[in-house]
Amino acid sequence: MNITILDDYQDTIRTLACYSRVAGHTVTIWNDHTKDVDTLAGRLKDTEALVLIRERTPIRAPLLERLDKLRLISQAGVYPHVDVEACTRRGVVVSSQTGPGRPSYATAELTWGLVIAAFRRIPQEAAALKAGKWQAYPIGIGLRGKTLGVYGYGKIGAVVAGYGRAFGMNVLAWGRENSVTQARQDGVMAAASKDALFAESDVVSLHLRLIDATRGIVTAADLGRMKPTALLVNTSRAGLVAPGALEAALRAGRPGMAAVDVFEEEPVLGGRHPLLSMDNVICAPHLGYVERDGLEHMFRGIFDQILAYASGKPINVANPAALKR
């Protein structure tokens with residue numbers, strides 16, 4: 001099959017051990033990013049199997065209608081960026097492994113890297129040291145005895161909560177009823193309310209899935225309840241926070257700091273984002289799940305989906321009706 005992989009920013013996929021699984025196929029890999037339909041239609045005109053890396057590129061009807069050879073989209077995780085109905089109409093199978101599985105330990109680990117970096121001002125002090133200065137910023141803050149608020153106690157949130165306990169933090173959880181119930185079963189205290197989570201926590205870490213019900217769920221009022229010394233961490237999705245609310249809250253001094261790994265439009269190029277100019281914010285280029293072992297696991301499944309389709313036995317099909325076409 002003619003396989004195309006989009007948005008491999010770091011040119012990593014060809015270096016994975018699992019890449020050998022598609023050795024018998026023609027594979028084209030694009031390392032840059034575009035959402036332009038004309039450009040994508042040109043790049044994908046001969047593609048039979050399209051590989052997507054999470055939600056980096058939306059695949060909608062105007063593009064699908066120009067891809068006459070496309071038969072399969074293979075990816076991992078949820079697929080709000082794919083027009084599944086349009087795929088079904090055109091007989092394009094969407095294969096994506098979802099549901100229960102291992103948490104993204106890489107995302108949880110990065111979350112803690114950001115927490116420590118923000119509280120101890122590691123990026124700022126490292127830059128100052130290279131510039132010839134020594135201990136140039138106000139003294140940092142330790143984590144032991146502080147309160148960690150986990151908003152969304154799912155697979156990743158539970159791991160982050162465990163890391164918080166290891167650092168000697170008091171952990172609070174909030175979210176939907178089933179996640180709060182799970183937190184209690186794990187011995188994690190539930191916050192009295194969403195308001196209390198934001199008001200009482202020294203660190204609030206977001207671990208919610210972005211759906212219609214959670215878009216903008218973190219409001220300006222929520223952020224305004226946070227302590228002037230507190231940190232908001234978002235390694236989940238930028239859309240969880242109301243547009244512009246975080247920038248305004250940081251300027252107002254509540255919370256005092258933020259660490260973010262996600263942005264409304266990605267990739268962010270040319271340094272053009274207001275958070276990048278703020279001294280009390282640490283920004284990372286969506287590195288959460290981007291880690292070698294995690295990508296090996298992800299792409300092993302993605303390539304297995306392609307091989308299964310090529311053998312006439314597709315797996316993890318999100319739109320079975322497409323098989324009839």
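If you're wondering where the values come from, they're calculated on a predicted model, not measured in any experiment.
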Take atom [atom1] in [X]; do more than 12 heavy atoms of anything else shown fall under 6.0 Å from it?
X	atom1	value
R209	CZ	no
K133	NZ	no
E177	CD	no
R176	CZ	no
D11	CG	yes

Does anything in residues 189-204 form a side-chain hydrogen bond (donor to acceptor under 3.5 Å, both in side chains)? List the pairs, not counting sequence neighbours.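 As it turns out, the side-chain hydrogen bond (donor to acceptor under 3.5 Å, both in side chains) pairs with a partner in residues 189-204, which skip direct neighbours, are K194-D222, D195-R225, D202-K227.
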Examine distances only and state if a side-chain atom of [X] and a backbone atom of [Y] form a donor-acceptor pair shorter than 3.5 Å.
X	Y	result
D83	A86	yes
N234	S236	yes
Q135	P138	no
T214	I217	no
Q10	T12	no
T4	T47	no
E296	A17	yes
S95	I315	yes
T98	V78	no

Lys/Arg N to Asp/Glu carboxylate O, D8 vs R14, below 4.0 Å: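 No, D8 and R14 are not salt-bridged.
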Residues in side chain to side chain donor-acceptor pair (under 3.5 Å) with [X], at least two apart?
X	answer
N316	Q305
T39	D36
K69	D46
D32	R43

Using 0.5 Å steps for rounding, measure from the [atom1] atom of [X] to the [atom2] atom of [Y].
X	Y	atom1	atom2	value
C87	R71	SG	CZ	12.0 Å
I29	I5	CD1	CD1	4.5 Å
L143	W112	CG	CH2	5.5 Å
D304	Q97	CG	CD	9.0 Å
L275	E247	CG	CD	4.5 Å

Side-chain H-bond candidate by donor/acceptor type, [X] with [Y], under 3.5 Å:
X	Y	answer
T111	S205	no
H25	E48	no
D261	H286	no
N178	Q182	no
E264	H273	yes

side-chain contact (heavy atoms from CB on, under 4.5 Å) between Q75 and V51: does it pass, once the steps are laid out? CA-CA 6 Å; Q75 64 139 58; V51 173; over 6 Å; no
Would you name the heavy atoms of F263 and A284 that are closest together and state the gap between them?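 Shortest heavy-atom separation between F263 and A284 comes out as CE1-O, 3.4 Å.
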Check the pair R237, V241 against side-chain contact (heavy atoms from CB on, under 4.5 Å), reporting the backbone distance first and the verdict last. CA-CA 8 Å; R237 291 291 183 270; V241 182; over 6 Å; no
Please write out which residues are connected to L44 in a hydrophobic cluster, directly or through intermediates, given that two of Ile, Leu, Val, Met, Phe, Trp, Tyr count as joined at side-chain heavy-atom separations below 4.5 angstrom.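 Reading the cluster by chain and number, L44 sits alongside L6, W30, V37, L40, L50, L52, I59, L63, L64, L67, L70, I73, Y79, V82, V84, V92, V94.
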Is there side-chain contact between W174 and F198, with at least one heavy-atom pair below 4.5 Å? no
Close side-chain approach of L148 to F167, heavy-atom, < 4.5 Å: no
So if I apply the side chain to side chain contact (heavy atoms under 4.5 Å, CB included) rule between P255 and each of L231, V203, L250, T229, which one comes out positive? L250
Could you tell me whether R54 sits above the aromatic face of Y289, with NZ or CZ closer than 6.0 angstrom to the six-membered ring centre and within 45 degrees of the axis? yes
Is the NZ or CZ atom of R56 positioned over Y9's six-membered ring, under 6.0 angstrom from the centre and within 45° of the axis? yes
